[in-house]
Amino acid sequence: MSLNGFDVASYQAGMDVSTTAGDFVLVKATEGTNYKNPAFGGHAKQTLSAGKKLGVYHFIRNDSDIKKQANYFLAAVKPYIGRAILVLDFENTTGSTIQNQAGVGLAKQWLDYVYQQTGVRPVLYTGVSCENSLDWSSVANANYGLWIAQYNNYDAIVGYHPRDLYGSLKHWKAAMMFQYTSNGHLDGWANGVDLDVFYGDKTAWDRYAKATKSGKPTSKPKPAGPMWVKEKKTYTLKTAVKLRTGASTASSVIAVLPAGSTVKTDQAIIQGGYRWVRQPRSNGYGYFVTGPATDTLAYVKASVDHTYYTVKTGDSWWAIATKFGLSLNVLAQLNGKTTSSIIHPGDKLIIK
C-alpha cells in the first residue's frame, strides 16, 4: 500500500491544494529563524479540510542557532503537532552550506530537540548523493525516518508515476517516502511541482505524525534498491569482457567478447560492486560489466564517431576485414551482424 502526494512552498502560493489530486500534501513552514512561508497556514488548512494527510517542514540553515530554529518551527506548526508529519529539510541554499559532516551534527541536534519537545519523531529530507556521501549513522540509528529525493532527469511527468530508486541507500535500510521528480504536472496547477510517494497507508502516516515512546512507526517501507535505467549507447571494449545471462558474476557466460568489439546497449545498472549494461540479442539479452562501481567505464569507451566503408562488387567479409586489419568476428560485431550475413555492393560497414 502506498500514498501519492506533493510538496509545496511559497512558489505554489496560488494553488488550491484541496482540489489538486493527491492523498497528502507537505507544506514548507519555516526556514532559519526569521522566515515563515506566507502560504503555510492556508495550505495546511486546505489540506486537512479536504481530508488529505499533512506534513510540515523546516528548512535548516547553518547561520543561526539550531535550538532557536527548532523553536521557531514549533511555534509556527503548533496547531498541527500530532496531526502532521514533522520534517527537517537538509539542503544547501544561499548563505547556508550545510551539506557537510558538521551539518549532519546540526541536523541531529534539531531532530533530537524537536523529538524531546513534542514526543513526535521527525523525519529527515535529503538527496541520495548527500545520504551516500556523509555519515548519517547517528541519525539512522536513532530511528529518524528518511524522505529521500532523486531526479533522473527534469522531464515533465503528468500525474503520479512513482518509480524505484536508482542506486541504493547507505545508512537507512529503507526510505519512508520518495520524491522522484520536481517537474510533476497535476490538474489544477499549471506549473511543475514535486511529486512524492509514501510507502504506507493512512494509518502508517498517522503513526509518523503522532507522539510515540518507541519512536519508529510501524509502516512497511519499500526497500530502496538499484534500478535499471534506459541508455542507448555503443561501447568499444578496451579489454576482453564476459557476456553473461544476467547482471551477476554468478550468471552463466554466453561468450567472451574480445577487446575492440563494439556493443550496443539499452539499459544500465550499478549493483554488486559493478556497473552492468544490457545488450539486446536475437534470442534475449546479454549482460556485461563496463567497470567497477569506483571506475564505471574502466573496461570500455563510448563510441561517438565511426569510420565507414562502402561495399564494392566482389567484396567479402574476409577481404574487407583483411584490408583494414580486423578479424572477421570483430568486423561483423561492429556492424551488429555475423560472418554468415550477406553483404551487398553499396552497403556501408563500420570499420572502426
Side-chain angles (χ1 to χ4, degrees), residues 128-129 132 152-153 155 163-168 225-352:
V128 173
S129 61
N132 281 192
N152 277 1
N153 55 55
D155 294 341
R163 59 173 173 81
D164 291 330
L165 188 72
Y166 175 47
S168 60
M227 176 190 173
W228 286 96
V229 294
K230 292 182 180 179
E231 69 152 31
K232 286 191 176 296
K233 291 187 177 180
T234 301
Y235 294 105
T236 300
L237 304 184
K238 297 178 184 177
T239 184
V241 300
K242 294 178 180 178
L243 187 68
R244 297 180 181 271
T245 56
S248 168
T249 55
S251 297
S252 300
V253 176
I254 299 172
V256 177
L257 305 179
S261 299
T262 298
V263 187
K264 294 182 179 180
T265 65
D266 68 349
Q267 290 195 11
I269 193 172
I270 295 178
Q271 66 178 3
Y274 295 96
R275 181 179 185 272
W276 293 86
V277 291
R278 190 176 78 173
Q279 177 203 35
R281 295 169 62 84
S282 59
N283 59 346
Y285 297 96
Y287 302 82
F288 68 94
V289 170
T290 63
T294 54
D295 185 8
T296 56
L297 299 179
Y299 310 150
V300 300
K301 60 181 178 180
S303 298
V304 179
D305 297 321
H306 293 297
T307 300
Y308 293 86
Y309 172 77
T310 302
V311 178
K312 297 178 176 61
T313 301
D315 275 343
S316 65
W317 284 109
W318 178 84
I320 297 170
T322 302
K323 180 180 179 68
F324 294 101
L326 300 171
S327 73
L328 284 173
N329 287 333
V330 168
L331 178 61
Q333 289 171 358
L334 279 170
N335 291 275
K337 300 179 182 295
T338 68
T339 54
S340 60
S341 300
I342 298 174
I343 55 176
H344 304 88
D347 289 348
K348 288 188 176 182
L349 298 181
I350 299 171
I351 56 172
K352 69 175 181 178

Practice task
Give the ring-plane orientation class for Y285 versus Y287, where under 30° counts as parallel, over 60° as perpendicular and anything between as tilted.
Solution key: tilted
Any side-chain heavy-atom pair from V263 and L257 closer than 4.5 angstrom? yes
| message | Quick one, V128 and L165 - any side-chain contact, counting heavy atoms below 4.5 Å? | response | yes
In short, R163 meets Y166 closest at the heavy-atom pair NH1-N, 4.1 Å
Practice problem: Indicate yes or no: does D266 engage R278 in a salt bridge with an N to O separation below 4.0 Å. | Solution: yes
On a heavy-atom basis, the closest approach of D315 and I343 is O-CD1, 4.4 Å
Smallest heavy-atom separation, N132 atom then S168 atom, equals ND2-O, 3.2 Å
So the side chain to side chain donor-acceptor pair (under 3.5 Å) pairs with at least one residue in residues 240-250 (sequence neighbours excluded) are none
Of all heavy-atom pairs linking P292 and Y299, the shortest is CD-OH, 3.7 Å
TODO: Compare all side-chain heavy atoms of L349 with those of I320 and state whether any distance is below 4.5 angstrom.
DONE: yes
Applying side chain to side chain donor-acceptor pair (under 3.5 Å) to T296 and not counting sequence neighbours gives none
Exactly one candidate in K301, K238, R275 meets side chain to side chain contact (heavy atoms under 4.5 Å, CB included) with T290; the answer is R275
**Report entry** Sub-4.5 Å side-chain heavy-atom contact between T265 and K232
**Finding:** no
Note: G286 and I254 closest approach over all heavy atoms is CA-CD1, 4.1 Å
